Amino acid sequence: MKFYICIKQVPDVNAPLQIKEGQLLQDTDRMILNAYDASAVEEALVLSEKHDGEVEVVLIGPDKAKETLRKALAMGADKGTHIVTEDESYDSAVYSKILTAFFNDKEYDYIFCGKQAQDTDSGLTGGMLAMQLDLPYTTNAVGMEFENGSILVKRQGDAGQEMISVPSPGLVTCSNDMNEPRIPSLKGIMQSKRKPVDTISTGDLGLSEDDLAVRTQILSFEEKPEREAGRKFEGEPDEVAREVAKLLDEEAGVL
Amino acid sequence: MSSLLTFISVNDGKIKRSSLEVLSRCREEAERLGLDNEAVVVAPDASNYSEQLSGYGVSKVYVVEDPIFKNPLNTPLLKALDAVIEKAAPRVVAFASTEGSKDILGALSASRNVPALPDVSSFEVTDSGVSGKRPVMAAKILSSVEAKGDTVLVSVRSGSYDLTESSSEPEVETIDFSVSEEEIKVVLKEILSASGDRVDLSEAEVVVAAGRGVRDEEGREMISELASVLNAGIGASRALTESGAYDPSLQIGQTGKVVSPQLYIGIGISGAIQHVAGIMNSKVIVAINKDPDAPIFDIADYGIVGDLYKVLPPFIEEIKKLKVS
Ligand SMILES: Cc1cc2nc3c(=O)[nH]c(=O)nc-3n(C[C@H](O)[C@H](O)[C@H](O)COP(=O)(O)OP(=O)(O)OC[C@H]3O[C@@H](n4cnc5c(N)ncnc54)[C@H](O)[C@@H]3O)c2cc1C
Ligand SMILES: Nc1ncnc2c1ncn2[C@@H]1O[C@H](COP(=O)(O)O)[C@@H](O)[C@H]1O
C-alpha cells in the first residue's frame, strides 16, 4: 500500500500581520505545515501502520520550506520529495500542474491532499490533480478505513456525511476534523534527518516557464471592513439578560 | 460568449437561498454589461424549478435531469456541467460556495481548462475575465484577485449579496444526459444524515452557536430551548463537534460552514479567528461569555459577560415574552 501526501508550507494565520500599500507583510519565521495536510499525513500513517504501507510526502515550495518537509518525516513519513520553486505567485492550477508532472511516472495506491490551504482557503488543487491524473476522488474526508481493497471515506457534505468508496489508485482531500495529528517525538526528529529527500526542480519534471503561467492572481491586500465592538453588559445575570433581549427586539429589530 | 450562468443548488425541492443570492448578483452584472442571465439546474426533478427561477430575471434555464443526481457524486455532476458549459459557452459560471460545489470546482476547472476563483465575497465581470475580493488568512484580511479567461468559474460565500427579484419567462433547454457505472468510478455506500427536521444552518435567519463553555446536557438543553424559541439553526464551535457533543455538520468556521443570519448568538465560544471566519456575514452578533477579555467581544454588537448557566434562563424567558407580545 503506497501513499503519497501533498503538503504545503503556509504562514501561521495566528501570527501578527501588517498591510502596507496593498502588500502583506508577515513574519516569515512563522511558517507551518498546513493543518489539513498534517491531518492527511496522520491518516496515512495510521493506515500504513495497520496495513503495512509506505508513506511519501511531496512539497512544492522555496528552499526554506524544507523544514516543513522534515516535520512530516519526523511525524513518520518514510521519504520526501522537495520540488523547489521560489516563485510566490503560483496558484492552485500551477501547483496541480507541477504535481501532475511529478505523479505521471509514479506508482501509488492513494494520493492525499489537504482540503484547502489554511492561509488562502482555495481548496482547488486536489480536484484539479485528480482530474489531470484521471483518478477517482472525493473531498473533505473526516474519516477513512480500508474495505475490500478500497478506501472507504466518510465525507462531510452539506447536510450530513456520505460514505464513499474510492478504488485504488485514487485521491482524497482531507479535513482536519479527521484526527489529531501526532507531535513529532525527539526520536522521530532525529530519524527524520537520515530519511531520504529528493530535491528537484520544475525543469527536471520537463516543465517550461509557459507551463507555469498563472491565470489567477492576487493583486493586493486590504483590511476588511471593521466590525466595531458594540456594547458589553456586565452585572446581575438576570438584569443584563433581560436588557439585551429587549435591545434585540427594540433596537436591533431581530427578534 | 455572451452569458453568465448560475449553478442552482437545490435541496428537498427548494432552491438554496445562497444560489439565489449568486443569481441576483449575476443578473445585476448581466444587466450592466448587456449579457444574458442564465441558470443551470442538475437534479432528479430539475425541470420543476423553472417557475421558482422566473422571479429572478433568468432568460434561459438549462435542465439536466437524471435519478443519479439524487446522490451526491462528483463524476455525474462534472459530466453534466461539462455538457452545459460546452453548450452555453458562458463568460462566468457562478456557484454558491457549498460542500457540494467545493467538491467539483477544482476538477471542473481542470477538465474545462478554465481558471477558478473560489469563495469570493464579491465579484465583477471584466473585459478579460472576473475580478473579486476573497477573505484570506482565516478571513482576517481581504485580497483583491483576478482571473483571466474566456470562461471563469466563481464560487461565492453565502450572505455576500441580497436577493433581488425581477420577473421573466425563462426558456427551458433540456440537456441529454446519461452516465455509465464505469464512469462514476467511486461508489456511494451510504448517506448518514444529521437529524433531518432541523433548520438548515447555512440558510438560517437566526443561529444559536454553542462552544466549549456549554459543558453538559443541561447546557445543551438550554441551547435547544433558545433555538426553538427563536426558530434558529443550531451551530457549534470545533471544540464541541470534536468532542462529539454536536454533529460535525453543525461546525461553523474555517473548516465548517459560513453562516449569514440576521442574528448570531455565540454562547461559551471564545472567538478564535477560525470560528469567527464563519460568522462575519452575520448582521447582529451577540456573545455570552464569562471571560470579559474573550476575543469574541471585539466583534459582538451585544456582549453579555456572565455565566451562561445563569444568563440563559432569564434570557430565554424574556425572549419568550417578547415573542408573544
Ligand atoms: C486549520 C484550523 C481550522 C479550524 N476551523 C475551525 C472551525 O471551522 N470552527 C471552529 O469553531 N473552530 C475551528 N478551529 C479551532 C479554533 O481555533 C478553536 O480551537 C475553537 O474555535 C475553540 O472553540 P471554543 O471557542 O468553543 O472553545 P474555547 O476556545 O475553549 O472557548 C471556550 C469559551 O467558553 C467560555 N466559558 C467557559 N465556561 C463558561 C460559562 N459557564 N459561561 C460562559 N462562558 C463560558 C470561556 O471563557 C471561553 O472563552 C480551527 C483550527 C484550525 C487550526
Ligand atoms: N505547494 C504545494 N506543495 C504540495 N502540495 C500542495 C501545494 N499547494 C497545494 N497543495 C496541496 O493541495 C491542497 C489544497 O491546496 P489549495 O488548492 O491551495 O487550497 C493542500 O492542502 C495540499 O495538499
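Just so you know, these numbers come straight off a predicted model, no measurement behind them. Chain letters run A, B, ... following the sequence lines, proteins first, then strands; residues in each count from 1.
- Only the side chain of B/I273 comes within less than 4.5 Å of a heavy atom of chain A; its backbone N, CA, C and O stay farther away.
- Interface check for chain A: of the options B/A277, B/G306, B/A287, B/S111, the most heavy-atom pairs under 4.5 Å are formed by B/S111.
- Neither the backbone nor the side chain of B/I184 has a heavy atom closer than 4.5 Å to any heavy atom of chain A.
- Residue B/E242 touches chain A through its side chain alone, counting heavy-atom pairs closer than 4.5 Å.
- Ion pairing between A/D158 and B/K257 fails under the 4.0 Å rule for side-chain N and carboxylate O.
- In terms of heavy-atom pairs under 4.5 Å with chain B, the best-connected choice from A/I218, A/T125, A/D177 is A/D177.
- Partners of A/A213 under the side-chain contact (heavy atoms from CB on, under 4.5 Å) rule, at least two apart in sequence or in another chain, do not exist in this structure.
- The main-chain N or O of B/S9 is found under 3.5 Å from a side-chain atom of B/S19 such that the two form a donor-acceptor pair.
- Considering only heavy-atom pairs separated by less than 4.5 Å from chain A, the leading option among B/P313, B/A300, B/G256, B/S109 is B/A300.
- Taking both residues in full, the closest heavy atoms of B/P115 and B/K148 are given as CG-O, 3.3 Å, listed atom of the first, atom of the second, then distance.
- When the heavy atoms of residues 246-255 of chain A are compared with those of chain B, the residues falling under 4.5 Å are A/K246, A/L247, A/L248, A/D249, A/E251, A/A252, A/V254, A/L255, listed by number.
- With sequence neighbours excluded, no residue forms a salt bridge (Lys or Arg N to Asp or Glu O under 4.0 Å) with A/D121.
- Listed options A/N176, A/V166, A/V240, A/D238 were ranked by heavy-atom pairs under 4.5 angstrom with chain B; first place goes to A/N176.
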Donor-acceptor contacts under 3.5 Å from residues 32-39 of chain A side chains, at least two apart:
residue, atom, partner, partner atom, Å
A/N34, OD1, A/Q118, N, 2.9
A/N34, ND2, A/D37, OD1, 3.0
A/N34, ND2, A/D37, OD2, 3.3
A/N34, ND2, A/Q116, O, 2.9
A/Y36, OH, B/T255, OG1, 2.8
A/D37, OD1, A/G114, N, 3.2
A/D37, OD2, A/K8, N, 2.8
A/S39, OG, A/N179, OD1, 3.1

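- Remark: A/R182 engages A/E42 in a salt bridge, criterion side-chain N to carboxylate O under 4.0 Å.
- Between B/S160 and B/S121 the shortest heavy-atom distance is CB-O, 3.3 Å.
- Looking at B/L230, only its side chain comes within 4.5 Å of chain A, counting heavy atoms on both sides.
- In terms of heavy-atom pairs under 4.5 angstrom with chain A, the leader among B/I319, B/I304, B/D307 is B/I304.
- Using a 4.0 Å cut-off between a side-chain N of Lys or Arg and a carboxylate O of Asp or Glu, B/E318 and B/K321 qualify as a salt bridge.
- Of the listed residues B/N71, B/N74, B/V206, B/V145, the one with more heavy-atom pairs under 4.5 angstrom with chain A than any other is B/N74.
- For chain B, the option among A/K154, A/Q156, A/K115, A/K97 with the highest count of heavy-atom pairs below 4.5 Å is A/Q156.
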Test log, rule side-chain contact (heavy atoms from CB on, under 4.5 Å), inputs A/L47 and A/M144: CA-CA 8 Å; A/L47 288 173; A/M144 287 190 212; 4.1 Å; yes
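- Between chain B and the residues A/M128, A/R227, A/K232, the largest count of heavy-atom pairs under 4.5 Å involves A/R227.
- Heavy-atom pairs under 4.5 Å with chain B were tallied for A/R155, A/E239, A/E223; the largest tally goes to A/R155.
- Contact count against chain A (heavy-atom pairs under 4.5 Å) is highest for B/I285 among B/I285, B/V130, B/I288, B/L117.
- Listed options B/Q262, B/R134, B/E317 were ranked by heavy-atom pairs under 4.5 angstrom with chain A; first place goes to B/R134.
- Taking chain B as the reference chain and counting heavy-atom pairs below 4.5 Å, the highest number among A/G235, A/P167, A/A93 is found for A/P167.
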